[in-house]
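A, B, ... follow the sequence lines: proteins, then strands. Residue 1 opens every chain.
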Amino acid sequence: MGSIDQREYGRRRSPESLRLSNTIFYAALSIIGGTYVLLIIAMLLADATFMVDETLHSVAQSPTPWQAALRENPVSTALADPKIRYSIWLSLISCTLAAVISLVVAVPMGYLLSRHQFPGKRLLDAVLDIPIVLPPLVVGLSLLILFQFPPFAWVNRTIVYQVPAVVIAQFSVACAFAVRTMKSTFDHIDPRCEQVAVTLGCSRAQAFGRVVLPEASRGMMTAFTLAWARALGEFGPLLIFAGATRMKTEVLSTSVFLEMNVGNIEGAVAVSLIMVTAAILVLVITRVWGVRDVTL
Amino acid sequence: MIVVENISVSAGEFVLSNISLKVSAGKYGVLMGKTGSGKTTILESILGLRDVTSGHIRLAGEEVTDLNPAVRGIGYVPQDGALFAHMSVRDHLAFALYVRHVDRKTIDERVHELSEMLHITSLLDRTPRGLSGGEKQRVALGRALSFQPRVLCLDEPLSALDTETRERMCELLSDVRKLTGVTTLHVTHNFDEADRLADCVFQLINGKIETSTTP
């Protein structure tokens, strides 16, 4: 009987070369990822620096520097402008309305998509992605065209280029994000819990209301804030469907556009900073109270 | 009494046909089989969570084959407990009674009685978060027994527990059975549980049931 050859095949790498290779691997990952993070932070820093520069400029020219710093920085100037104040109020109200309506639609839709199999489900899923992938201007144009046809045409005058158009344009995109969030929320809730509730004597609606909804509350919070933030950033559809009329259909994103158009960069940056603050607030709320692992 | 007569069930690609079993009133039946053999599918059919394509299911003499799970009156303890994350242990025990519009006083009495029987009195105001595996299963058992069901269905209730806890849960299950006299079907792949608890054992092998009765 011949003896078995037990020599190890090939050659082992040296521990040093392996360590070096691993270090290079992680360094490459960190550099690629880090560049993007730096870009985000640099953008925000640039806005802030621009603001500080402008403020210092006005401070230098004023005999009372502290008062000037408080009153004449671009944000205070913007806040003092009634047009901007109107735009802030309209943004707050329209975004909140759009987010509430989105949630009302997203909860049942997300639940159906998460729990039930029905004919055409894949098609419905794809249709829900349309507002996410469609160019924003096309959403606005499509809304505008839709309101040429009955029954929408009957209310054309009270909606198109009026305040309701702002909410509808914001809702039509924000809702798709809310639906995705709610579907993911319901996917993470064990369907066994509802089944147990049903065996305990609940109707489907009772099981949904008493067992599923309370567990989905964090997801609903996330869906609401995401829809709100999305509505706040909406611009393309608004421009086409609601117009950009000052003191009428002007929201914060429109303000940035209008200020830029008249060459008032300070004003545009100031309004942008107000929006950045709102967006950061939304992010904090989502991180603190919302679900963490939402996949869109 | 649980009577399953020639039922056929399909779950996707998986098909079980001509399954029959019978657990007499007040008896403890244990359904055994390998993982993936279809034990849970049979249990779900009895509970009404899965439609059967043919055959009959009768509980305490009543035909329930096409009945909604909510009106079958079966207490159900799933494998991982499936407790309601936002509810206190007290609310778990009271849940079925709220749904059934039982008056407040009776609910309080029943919650007290159940928590004594299952030794969970000290946990009443806690939520499932932070409860141990054994505690969770006792709460799930209490929730299932709360409305005094005529039938109790347990789906591998002890499989996630350590040996010592499993031992104590076995004792508790046999105590509960003595106290309530509820007809039980217990699904497991553990022979020890079957030896300790069963009046009759059903082995699900290659889609067929073999019944044996233990003395």
Taking atom CZ of A/F118 as the centre, does the number of heavy atoms from other residues, nucleotides or ligands within less than 6.0 Å exceed 12?
yes
Sort by residue number and list every member of residues 62-70 of chain B having a non-hydrogen atom under 4.5 Å from chain A.
B/N68, B/P69, B/A70
In terms of heavy-atom proximity below 4.5 Å to chain B, should A/A197 be classed as side chain, backbone, both, or neither?
both
Toward chain A: residues of residues 19-45 of chain B with heavy atoms under 4.5 Å:
B/T40, B/E44
Interatomic spacing from CZ in B/F147 to OG1 in A/T199 - rounded to 0.5 Å
6.5 Å
How many angstroms lie between atom CD of A/E194 and atom CG of B/L49, to the nearest 0.5 angstrom?
11.0 Å
Select one option (side chain, backbone, both, neither) describing which atoms of A/R204 are under 4.5 Å from chain B's heavy atoms.
neither
Listed by chain and number, what are the ring pair (Phe, Tyr, Trp, His ring centres under 6.0 Å) partners of A/F171, not counting sequence neighbours?
none
So, for B/V99 and A/Q206, which heavy atoms are closest and what is the spacing to 0.1 Å?
CG1-OE1, 3.8 Å
Heavy atom to heavy atom, less than 4.5 Å: which residues from residues 72-95 of chain B reach chain A?
B/I74, B/Y76, B/P78, B/D80, B/A82, B/L83, B/F84, B/A85, B/H86, B/M87, B/F95
